Amino acid sequence: MLKSSLDPACTGLFSSLFLDYIHKKESVKQFYKDFPDLEQFKKSLPQKHFEQEKRSRLVRVLEKQYEGFEGAKVKANIQQLNQVNTFTVTTGHQLNLMTGPSYFIYKIISTIALADKLNKENPDYHFVPVYWMATEDHDFAEINHFYFDGKNYEWQTDQTGAVGEFVLDESLKKLIGELHFLPEFFKTAYTQSKFLKEAVRKYVHHLFADRGLVIIDANEKELKQLFVPVIKDDILNATANNLVNDCNSALEKAGYSTQIFPREINFFYMEKGRRERLILNNGFFETHDGKNKWDEAEMTALIEQKPENFSPNVVMRPLYQEVILPNIAYLGGPAEVAYWFQLKNVFAHYSVDYPFLLPRNFAMILTSPLQRKMNKLRLEEKELFLPFDDLRIKYVKENSDQDLELIEERDKLNDIYKALAEKSQDMDATLTYAVKAAHKRNERILDQVATKFRKAEERKKATAIQQIAEIKKELFPQGTLQERKINFLEFYLGNPEFIKELFDTFDPLNFDFILLKENGDKRSIKKATQN
């Protein structure tokens with residue numbers, strides 16, 4: 001694929017906070033530790049330490065989770081985590097069906113690419129790419145579907161609780177059987193697993209084991225025991241609530257909006273089939289559904305005895321990650337990167353290292369047929385991000401033989417009313433207001449005429465406008481950015497080298513928006529799904 005790129009600011013897709021961060025604006029520097037570049041990574045490494053007992057515990061858990069899996073590079077990376085000079089580079093994501101939107105793949109590729117780059121630049125250290133499976137999330141509606149070839153495929157089940165523990169039931173197996181276009185590794189992962197977390201590990205391992213990606217499910221008692229002091233402090237003392245609110249106030253004062261909001265208690269109570277928010281009510285700790293109630297002594301004992309029953313929310317999950325991993329960098333989407341800025345005080349309070357924050361690579365795939373349409377219409381790449389109506393109007397005006405703005409007529413109108421204004425001054429100064437009002441009325445009439453002229457020109461250019469609509473539909477299906485909607489199989493099935501080509505083009509330390517142009521004819525989705 002051929003590569004070009006745009007400053008993300010040109011796309012209109014990103015928040016001012018995110019853009020100011022990647023552009024290193026002074027107004028954002030108070031909310032993070034160091035900006036991610038190779039020199040800063042090198043400076044930070046001698047100060048980076050992680051307790052050996054934590055390393056040993058982490059390796060034990062990973063060895064257990066990888067029982068029965070092949071993959072020499074993954075196993076070597078797991079063992080390498082025992083070494084004091086080894087650190088992780090992490091991304092996290094939900095357990096979407098069939099990987100969900102394409103950006104899931106982009107996230108992992110960016111993470112692996114950063115680990116590779118750091119390994120090359122720092123030969124005295126070792127860096128392991130990690131995918132953190134969000135097995136504890138309970139919002140099934142966010143992950144139960146994927147979009148492919150213009151159609152949404154959905155798994156329907158009445159299971160509740162942490163999605164990683166969902167049993168792969170007959171409903172899902174029936175759906176898998178109907179998806180004839182699925183590669184065999186997906187079918188195997190789903191039909192030969194009991195739980196969703198197992199299937200996700202299997203297909204992600206299939207795609208990235210040769211790159212050494214380590215997949216972690218942090219919903220483990222042995223790991224959560226390391227987090228017990230934080231769980232206690234947050235539940236009993238509501239510490240994070242004030243810390244995050246202080247950051248939120250500072251962000252708002254700097255002119256930025258916030259994305260996450262802390263609670264007095266930032267943990268859920270979790271057991272089979274349930275993940276319920278914890279609340280403090282009249283001196284007692286309760287689950288939001290009212291089914292459980294504890295006093296302070298009971299809650300303290302429960303945390304110590306069963307830390308696996310406590311699941312961090314969006315405020316505490318990043319801290320938990322950094323407590324149990326020797327992590328040096330986290331890669332996420334623009335919204336993820338932005339909400340980490342709200343957590344700096346939390347990290348400082350608990351004396352936990354704040355990692356380098358990097359956005360994953362953003363990408364848009366321009367298929368060969370789409371490129372031909374663009375060339376025919378003479379559309380520039382940055383114009384693809386304009387709203388359809390703006391692009392349509394711009395195209396018609398720029399490609400018409402007529403003056404659709406009525407510039408000559410507007411100039412004549414201005415000359416007439418300028419002369420009238422001068423006359424009115426000589427006759428009666430109060431007439432000036434009447435002349436200005438008449439001028440405005442006639443300008444509005446010209447605007448209406450110009451709109452009718454433009455619409456007449458649009459009817460003449462209906463074919464071109466339809467092609468513009470088709471381009472926008474492919475790049476923004478259902479009004480959503482391609483990478484946030486379309487499953488990667490749309491490109492992978494017709495091009496088995498797709499993931500390799502992404503590795504060849506992605507640069508994790510370049511934060512531009514990438515446009516990838518297929519070089520040559522793309523094998524059609526329809527043909528690919530029939531084979």
Side-chain angles (χ1 to χ4, degrees), residues 60-78 92-102 104-105 107-109 112 129-138 140 142-149 151-220 272-273 487-490 492-493 496 498-499 528-531:
R60 284 198 305 272
V61 169
L62 289 170
E63 286 176 335
K64 182 180 72 173
Q65 292 184 355
Y66 271 92
E67 287 178 0
F69 280 78
E70 301 296 328
K73 193 166 184 180
V74 172
K75 291 184 177 181
N77 272 344
I78 290 173
H93 200 69
Q94 297 164 301
L95 308 187
N96 294 73
L97 196 63
M98 310 304 166
T99 75
S102 299
F104 170 73
I105 298 294
K107 258 186 173 183
I108 291 181
I109 291 173
I112 296 171
V130 172
Y131 162 47
W132 178 290
M133 292 197 297
T135 59
E136 297 178 44
D137 280 4
H138 63 270
F140 182 60
E142 287 191 355
I143 69 155
N144 70 339
H145 56 278
F146 74 104
Y147 186 83
F148 172 81
D149 196 18
K151 184 177 178 181
N152 207 53
Y153 296 91
E154 185 175 312
W155 172 23
Q156 296 183 341
T157 181
D158 58 3
Q159 297 178 71
T160 57
V163 296
E165 303 299 324
F166 277 25
V167 174
L168 304 182
D169 56 18
E170 289 304 315
S171 171
L172 178 61
K173 291 176 181 177
K174 181 175 182 293
L175 175 63
I176 299 297
E178 294 169 353
L179 303 180
H180 303 298
F181 56 84
L182 279 186
E184 197 60 35
F185 70 84
F186 268 133
K187 294 179 181 178
T188 300
Y190 281 103
T191 58
Q192 297 184 15
S193 299
K194 182 178 180 181
F195 299 109
L196 180 58
K197 63 183 180 181
E198 296 173 12
V200 174
R201 183 185 294 275
K202 286 176 182 176
Y203 69 65
V204 175
H205 182 76
H206 173 88
L207 290 169
F208 297 107
D210 63 335
R211 301 276 181 167
L213 179 71
V214 173
I215 303 164
I216 185 169
D217 174 7
N219 186 18
E220 291 275 0
K272 186 173 177 58
N487 186 270
F488 86 106
L489 289 176
E490 293 228 6
Y492 180 83
L493 290 179
F498 177 65
I499 289 178
T529 58
Q530 289 174 343
N531 286 349

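As the structure is a prediction and not an experimental result, all values here were calculated from the model. Nothing fancy with the numbering, it's 1 onward along the sequence.
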Could you tell me if the ring centre of Phe195 sits under 6.0 Å from that of Phe166? no
Less than 3.5 Å apart, any donor N or O on the side chain of Lys202 or Ser193 sitting next to an acceptor on the other? yes
Take Thr157 and Leu172 through the side chain to side chain contact (heavy atoms under 4.5 Å, CB included) test and state the conclusion after the steps. CA-CA 8 Å; Thr157 181; Leu172 178 61; over 6 Å; no
Flag side-chain contact, heavy atom, 4.5 Å: Pro101 against Asn487: no
Examine the side chains of Trp132 and Asp217 and answer whether a donor and an acceptor come within less than 3.5 Å of each other. no
Are Trp155 and Asp169 close enough that some pair of their side-chain heavy atoms sits under 4.5 Å apart? yes
State the NZ-CD distance between Lys151 and Glu154, to the nearest 0.5 angstrom. 11.5 Å
Distance, nearest 0.5 Å, that separates NE2 of His145 from CD of Gln156: 12.5 Å
What is the minimum heavy-atom distance between Leu182 and Lys187, and which atoms define it? O-CE, 3.5 Å
One pair to check against side chain to side chain contact (heavy atoms under 4.5 Å, CB included): Val74 and Leu213. What are the steps and the verdict? CA-CA 6 Å; Val74 172; Leu213 179 71; 5.7 Å; no
Lys/Arg N to Asp/Glu carboxylate O, Lys197 vs Glu165, below 4.0 Å: yes
Establish, yes or no, whether a centroid distance under 6.0 Å links the rings of Phe488 and Phe148. no
Where Pro129 and Gly212 come nearest, the two heavy atoms and their spacing: CG-O, 3.9 Å
Any heavy-atom pair between the side chains of Asp210 and Lys73 that's under 4.5 Å? no
Close side-chain approach of Val200 and Ile215, heavy atoms under 4.5 Å: no
Before you tell me yes or no, could you show the steps for Leu97 and Leu175 under side chain to side chain contact (heavy atoms under 4.5 Å, CB included), namely the whole-Å CA-CA distance, both residues' side-chain angles and the distance that decides it to 0.1 Å? CA-CA 11 Å; Leu97 196 63; Leu175 175 63; 4.1 Å; yes
Would you say the side chain of Thr135 lies within less than 4.5 Å of the side chain of Val163, judging by non-hydrogen atoms? no
Lys194/Glu198 salt bridge by N-O under 4.0 Å criterion: no
So for atom NZ, which belongs to Lys173, do other residues, nucleotides or ligands contribute more than 12 heavy atoms lying within a distance under 6.0 Å? yes
Under-4.0 Å salt bridge between Glu63 and Lys75: no
Would you say the rings of Phe498 and Tyr492 are close, in the sense that their centroids are separated by under 6.0 Å? no
Check whether Tyr66 forms a cation-pi arrangement with Arg201 (NZ or CZ under 6.0 Å from the six-membered ring centre, at most 45° off the ring normal). yes
Euclidean distance, Thr99 OG1 relative to Gln94 CD, rounded to 0.5 Å: 12.5 Å
With rounding to the nearest 0.5 Å, note down the distance linking CD1 in Ile143 to CG in Leu196. 5.5 Å
Considering the options Phe208, Phe146, Tyr131, which one meets the ring pair (Phe, Tyr, Trp, His ring centres under 6.0 Å) requirement together with Phe104? Tyr131
Kindly say whether Val167 contributes a backbone atom to a donor-acceptor pair with the side chain of Gln159 at under 3.5 angstrom? yes
Min side-chain heavy-atom separation Leu95-Asp137 under 4.5 Å: no
Give the intermediate values and the outcome of side chain to side chain contact (heavy atoms under 4.5 Å, CB included) for residues Lys64 and Glu220. CA-CA 11 Å; Lys64 182 180 72 173; Glu220 291 275 0; 3.0 Å; yes
Centroid-centroid distance, His205 to Phe69, less than 6.0 Å: yes
